[in-house]
Q: 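Once you've had a glance at the structure underneath, I'll fire off some questions.
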Amino acid sequence: MPSYDFRCDDCGEEFTVFVAISKKDEVQCADCGGDEVRQLVTTFYHSGSSSGESGASCTRSTCGSCTTCRTPG
Ligand SMILES: [Zn+2]
């Protein structure tokens with residue numbers, strides 16, 4: 001089963017799901033459960049500022065997936 005990357009419009013969460021292509025419209029946010037999610041373009045390389053890093057260069061809420069953005073408050 002293929003995997004797809006999505007980003008939630010509600011909370012900014014980025015997540016990967018394994019889902020049949022016919023079920024992509026049913027994907028919900030892995031974090032808040034919202035259904036306002038967008039499929040991200042799958043990339044097979046890193047440009048150097050990919051999500052999931054420690055957030056050293058991230059201003060809060062820009063990426064929604066790094067440690068800085070995930071920390072409440
Ligand atoms: Zn969400």
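Along the sequence shown, the residues carry numbers beginning at 1. Remember, it's 1-based here, ligands and their atoms both numbered in the order they're listed.
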Q: Enumerate the side chain to side chain donor-acceptor pair (under 3.5 Å) contacts for residues 18-36, please, sequence neighbours excluded, ordered by first and then second residue.
A: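 Of all non-adjacent pairs touching residues 18-36, those that pass side chain to side chain donor-acceptor pair (under 3.5 Å) are Lys24-Gln39.
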Q: So Tyr4 and Thr16, do their side chains get closer than 4.5 Å, heavy atoms only?
A: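 SC-SC contact between Thr16 and Tyr4 ruled out.
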Q: Identify the heavy atoms of Val27 and Phe6 that sit nearest to each other, and give their distance.
A: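 Nearest heavy atoms, Val27 then Phe6: CG2-CZ, 3.8 Å.
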Q: Which pair of heavy atoms, one from Asp10 and one from Gly34, lies closest together, and at what distance?
A: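 The answer is OD2-CA, 4.0 Å.
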Q: Enumerate the protein N/O/S atoms at a distance below 2.8 Å from the Zn ion (ligand 1), ignoring waters.
A: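 Those protein N, O or S atoms (cut-off: under 2.8 Å from the Zn ion (ligand 1)) are Cys8 SG, Cys11 SG, Cys29 SG, Cys32 SG.
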Q: Below 4.5 Å, heavy atoms only, C-beta onward: do Phe15 and Val37 meet side chain to side chain?
A: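 Yes - at least one pair of side-chain heavy atoms lies under 4.5 Å apart.
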Q: Nearest 0.5 Å, please: how far is CD in Glu14 from CZ in Arg7?
A: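 Between atom CZ of Arg7 and atom CD of Glu14 there are 4.0 Å.
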